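See structure below.
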Amino acid sequence: MTTSSLTRATLAKDLRLEWRSKDAINSMLFFALLVVVIFSFSFNPTAEESRQIAGGLVWVAFLFAAVVALNQTWARELRNQVLDAYRVSPAPANSLFLAKAFGNFIFVAVLEALMTPLFIVFYNLRALGPTWQLPVVAALGTWALVVNGTFFAAMSIRTRSREIMLPLLLFPISIPAVLAMVEATSAILSGEYSARPWIALLATYDVVFTTGCLLLFETVLDAE
Amino acid sequence: MTTSSLTRATLAKDLRLEWRSKDAINSMLFFALLVVVIFSFSFNPTAEESRQIAGGLVWVAFLFAAVVALNQTWARELRNQVLDAYRVSPAPANSLFLAKAFGNFIFVAVLEALMTPLFIVFYNLRALGPTWQLPVVAALGTWALVVNGTFFAAMSIRTRSREIMLPLLLFPISIPAVLAMVEATSAILSGEYSARPWIALLATYDVVFTTGCLLLFETVLDAE
Amino acid sequence: MPPASHTESAANVAPIVVVTDLIKQFGRFAALRGVSASFDAGRLYAILGDNGAGKTTLLRSLAGLTRPNRGTVSMLGTSDLRSVCHQVGYMAHPSLLYDEMSGMENLRYFARLYSIEDNERCASVIRAVALDPELARPVGQYSQGMRQRMSLARALLNDPKILLLDEPFSNVDVRSAREMVGLLAKMRDAGKTIFVVTHQAALLEGAADEFVWMEAGKIVSRTSSLQPVEAR
Amino acid sequence: MPPASHTESAANVAPIVVVTDLIKQFGRFAALRGVSASFDAGRLYAILGDNGAGKTTLLRSLAGLTRPNRGTVSMLGTSDLRSVCHQVGYMAHPSLLYDEMSGMENLRYFARLYSIEDNERCASVIRAVALDPELARPVGQYSQGMRQRMSLARALLNDPKILLLDEPFSNVDVRSAREMVGLLAKMRDAGKTIFVVTHQAALLEGAADEFVWMEAGKIVSRTSSLQPVEAR
Amino acid sequence: MKRAFPILAVLTAVLLSYALYQALEVAPTEATMGDVQRIFYYHVPSAWTAFLLFLTNFVASVVYLIRRNTKADIVALVSAEVGVVFCTVVLVTGPIWARPVWGIWWTWDLRLTLTLVLWLIYVSYLMLRRFSSSGQTPLMAAVLAVFGALDVPLVYFSIWYFRTQHPSPVIGGGGSLDPRMGRVLLINWAAFLCFAVLVCWSRYRVERLQREVEETQALEGLLESRGAR
Ligand code: HEM
Ligand SMILES: Nc1ncnc2c1ncn2[C@@H]1O[C@H](COP(=O)(O)OP(=O)(O)OP(=O)(O)O)[C@@H](O)[C@H]1O
Ligand SMILES: Nc1ncnc2c1ncn2[C@@H]1O[C@H](COP(=O)(O)OP(=O)(O)OP(=O)(O)O)[C@@H](O)[C@H]1O
Ligand SMILES: [Mg+2]
Ligand SMILES: [Mg+2]
């Protein structure tokens, strides 16, 4: 069986477990609503300053959603050591990695799709630059967060003593992506300058780190 | 043995284990750092504007970092069902609850202590109101987050998709506390109005919910 | 069951554990369907039955971990199980131990839950199950059988009057299992009441006073020796 | 060990599993201290030994889950275990199953890992371990013994040539354990090579071709019947 | 009791249609807002009914915590469900009204925010009931209900402060109410209340039946008696 069909099987399994019923989508919708409500209590949306940092606000909210998702990525595979069942099978490691990364991507993307309209309403946002670039930035930025997050989450379940290194490792690596996401979003919202160089940077980042993760994941998985 | 000495024993055990593995503190730290950086990229702070929004910024970062930590509170007790060993023992439920709540309080407080200097540097903050009120607000606010968070985390371990359940339960109930924290902090930073009524509200919130948690925790723990 | 005119001591006259009409329902499935029985003090009961018969559920109800939907459990003369829990020891399938701490550290912590300040007590129960109290390795790195023994040690920690053991011999090597049975028999002789759920009934032959057979959520028979029913 | 001049089929001439001088060290502790052995195809090996003897570690090395510090493992004539892993089935202490999915859903997922598209195959292995493929309950709600069988079903899924089973009978009721042994014996007769780690050696008496005794990280003896060594 | 149900059903139908007639035809048109103001007769009774149901939920939850009485649990469940529905009606009619009158959909005014927070709390209550996997759902839910009730006064005070610091733009209402409008309002409220009781009652009966069926099925092992064959 090809990697891609296995990826699909694993992804389908994860999504099924996550979304046994409509409950999950309801709970995500509710979660998105809560995040936006908490934000509007914390940053009075009528204040001019809040609107100026909306690009940052939105990404913080998304980052939070991503962290919730990433934290549980591997938990399910560790209970009952199911990961061992994967490791003794002939299935390629990368299809597991891709499935997990896609799963997280879908989770975060759905949340973003739910939260964005709420933010727009509450903060009265309107893009002055080219609006069509926004979904591109969102997709590229989310993938950047998710691909590294999935990889490092896998590393952290394997290494015991070196764990203190993890945030320090992940942190500098993520900075260019974060910078690009926020700057691109602000550029599009304000329309004052072009978001293109930032989008290019994000795309490069995605390509580089996706490749890196795919090359190294088997090593990480097979370390006991 | 008294509740308080048992609380101390459990707390010591948790701190020791956390110190060995550093699970929670890592993910919290990472998340909080990213938040600071995102905001500093997305917002060119002129002193006046930043002071108006900083209260919200700081508390949103803390709230979300706390959720990440709270989600792991009970994970250790669930592996190998150690919680059952506690339940069959004559130890009072509340000493477990207090130990967990204090543990979380310490985590979040450490995190706050680490992040506050960052915020101050990035945003060039200076309190124009009475500075000594800030640690009071921080302590009361953190306890407000943590006491309910610990309680709801204990409830959410009995549910499906427990990671997302915690914010769903915690956020609605925390709204008055979040509002009070943010407003009190903004009041102190801007020095424009008094933070006292907000501090009083926070204190009331803490007393009410600490009492509520202590009264009802045994019920929650004994539910299977 | 022995006649009630068995006047050795006051404690022995009344049964020490009584369950009446216990029903435990998980959603649409009932794991216990009306279990009524009484058990006397100072005896060793082996609880046998096929997989899914409800043995674990019964034991958990006795330990107060599962709240039955109907029926009552009374232990040591009271149905407030919480008030007698310091007299009960419970060992489960999972180890109920922190994987990250060593055996001794684990027991020291659990001892405090029972207000036992004495470290020597922890060391002695570890020795009682033939492990080494000095072993610094965390429990997560023990072999399966070592973990099982440490789990038994935890259950013995508070020197309980009533012991509830869920498959203590599984994964334990034969020699050690025999030693464990010997230990249990000795404890029974010292007046403790012991319930052992197991699939290796042969190990308990000779040691157990009574074999309690469960089937589909009910107790179907109680025999004093293994032969008659095993032949079914 | 049988002489190599045992010319039934080509596969039987060379040993199917060869380990040489295996050493596995965990920190300061060596779980395997130089294990060398070869095992022939089509036989059922029982691996016995005290707790902590290194049985699980040996099995995990054969499955390729643990990388030994020294020594080599070769299976089916190659030491690249990854390339033959679709011919190996592995069952561990933990269930290696998703608690939240039903048995059938679990197996359907694992089947895809082995490129098996056929749902009938999943249903038939579930029936082979005497469970009901229609059971909709998630595996997390199974009783301990039911979970154990489902775990065996998972290991059988890819119809492996070599089966590595770590304590398959623990927590399984006696009757079902006997059925399981029957199943294993039948599979052995069909030409499979089976390694069973267990503490209930008596169950395998008659069925196992050889008993491999381990002690403190070494194989100390290999006997074709249980008696002589059990008496020690 | 059995007889009372159809009687209540008929009464509700009559009251609802009478109230509709009153609201649309009899009540005077408001001077400044015009016909839009008639939404008032749905907006306000819904709010009152929702509050009453949430109060019922709180009382029933406390009773459950003390007595562990299944009936109290079912009452708590159905009152929360129906309460959320009425609360949603308030949250929908409010903005519909606000848009033409105030020119905005939403503002962080005390009453609005309080309604929103109440809605959030009880939706999370229903989520918990949905997601809870153990047999102890009623217990957890009751505990959460008590926490939610403790929270309401605190929310009230916090938003009250908040609002006095940052006064929000326009607040309608206030002033004195035309007595004819008051009468129509009360008729509508009576109709809504009857409707709510009717819905709760039938939900209660369905829920009880469901639980009984589940119990019998379990005990008789109708589905399957054992996992292993
Ligand atoms: C936008 C969302 C709105 C929400 C969530 C909302 C919510 C509520 C609630 C909960 C009540 C009952 C509370 C009480 O009686 O004290 C209420 C009453 C009322 N609302 Fe609204 N409302 C909204 C918009 C409006 C608008 C736009 C108007 C008209 C301009 C309005 C006018 C009234 C009036 C006149 C009452 C009764 C006044 C009283 O009894 O004190 N509401 N509303
Ligand atoms: N939490 C639960 N939810 C649903 N069903 C459960 C739950 N716990 C147990 N059961 C079911 O109840 C029945 C009895 O389970 P129990 O664990 O008591 O069996 P057992 O006699 O201990 O079996 P074993 O010997 O295999 O351990 C099983 O069919 C099991 O699937
Ligand atoms: N990850 C690990 N880290 C450190 N020590 C380990 C680890 N895994 C196993 N050991 C040690 O290696 C030894 C052998 O363990 P192993 O699990 O192979 O024993 P076993 O023969 O399977 O025992 P059992 O019959 O109890 O399952 C034990 O002393 C155990 O403590
Ligand atoms: Mg059991
Ligand atoms: Mg082992």
Side-chain angles (χ1 to χ4, degrees), chain C residues 26-29 31 48-57 59 92-95 129-132 135-138 140-150 166-180 197-203 213-217 226 229-230 232, chain D residues 26-29 31 48-57 59-60 92-95 129-132 135-138 140-150 166-180 197-203 213-215 217 226 229-230 232:
Chain C
F26 293 111
R28 300 232 166 134
F29 179 84
L48 312 175
D50 286 351
N51 291 137
K55 306 179 293 296
T56 298
T57 310
L59 227 57
H93 282 314
S95 68
V129 297
L131 282 176
D132 178 5
L135 201 61
R137 213 177 302 161
Q141 295 178 4
Y142 281 16
S143 81
Q144 191 66 18
M146 292 159 73
R147 213 171 303 159
Q148 196 83 353
R149 293 162 195 222
M150 190 51 79
D166 203 350
E167 315 206 8
F169 313 126
S170 72
N171 305 322
V172 172
D173 58 61
V174 191
R175 206 189 328 159
S176 316
R178 296 232 179 87
E179 281 166 22
M180 268 194 194
V197 168
T198 186
H199 292 296
Q200 288 156 273
L203 276 172
W213 297 83
M214 290 191 69
E215 216 175 280
L226 202 51
V229 190
E230 215 194 12
R232 68 204 164 124
Chain D
F26 293 110
R28 297 227 177 126
F29 179 84
L48 312 175
D50 287 350
N51 291 138
K55 305 180 294 296
T56 298
T57 311
L59 227 57
R60 285 177 65 88
H93 282 314
S95 68
V129 297
L131 283 175
D132 180 3
L135 198 62
R137 213 178 301 162
Q141 295 178 3
Y142 280 18
S143 80
Q144 190 67 17
M146 290 158 73
R147 211 171 306 159
Q148 197 82 352
R149 293 162 196 222
M150 190 51 79
D166 203 349
E167 315 206 8
F169 313 125
S170 72
N171 306 321
V172 173
D173 59 58
V174 191
R175 206 190 326 160
S176 316
R178 295 230 179 87
E179 282 168 20
M180 268 193 194
V197 169
T198 185
H199 292 297
Q200 288 159 272
L203 276 171
W213 297 83
M214 288 190 71
E215 218 175 277
L226 202 50
V229 190
E230 214 192 15
R232 64 198 170 133

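Bear in mind the structure is a predicted one, so any value in this text is a computation, not a measurement. Note on naming: letters A, B, ... go to the chains in the order of the sequence lines (proteins, then strands), and numbering restarts at 1 for each one.
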Checklist line | Proximal component of D/Phe29, with respect to chain C [non-hydrogen, under 4.5 Å] | finding: side chain

Check: Side chain, backbone, both or neither: which part of C/Gln148 has a heavy atom under 4.5 Å from chain D?
Finding: neither

Note to self: Is it the case that the side chains of D/Thr56 and D/Asp166 hold a donor-acceptor pair, with the cut-off being a distance below 3.5 Å and no angle test?
What the structure shows: yes

Check: So how far is it from D/Leu135 CG to D/Tyr142 OH, rounded to the nearest 0.5 Å?
Finding: 4.0 Å

Check: What distance do C/Lys55 atom NZ and C/Asp50 atom CG have between them, rounded to the nearest 0.5 Å?
Finding: 7.0 Å

Margin query: Quick check on the interface: out of C/Ala31, C/Gly145, C/Ala177, who has the most heavy-atom pairs with chain D under 4.5 Å?
Written below: C/Gly145

Checklist line | Inter-residue atom distance C/Asn171.CG - D/His199.NE2, 0.5 Å rounding | finding: 6.0 Å

Next item on the list: Select one option (side chain, backbone, both, neither) describing which atoms of D/Gln141 are under 4.5 Å from chain C's heavy atoms.
Entry: neither

Margin query: Between C/Gln200, C/Arg149, C/Met146, who has the most heavy-atom pairs with chain D when the cutoff is under 4.5 Å?
Written below: C/Gln200

Notebook entry, point to check: Most heavy-atom pairs under 4.5 angstrom with chain C, which of D/Ala53, D/Ser170, D/Gly54?
Noted result: D/Ser170

Next item on the list: Over all heavy atoms of both residues, which pair between D/Met180 and D/Val172 is shortest? Give the atoms and the distance, please.
Entry: CE-CG2, 3.9 Å

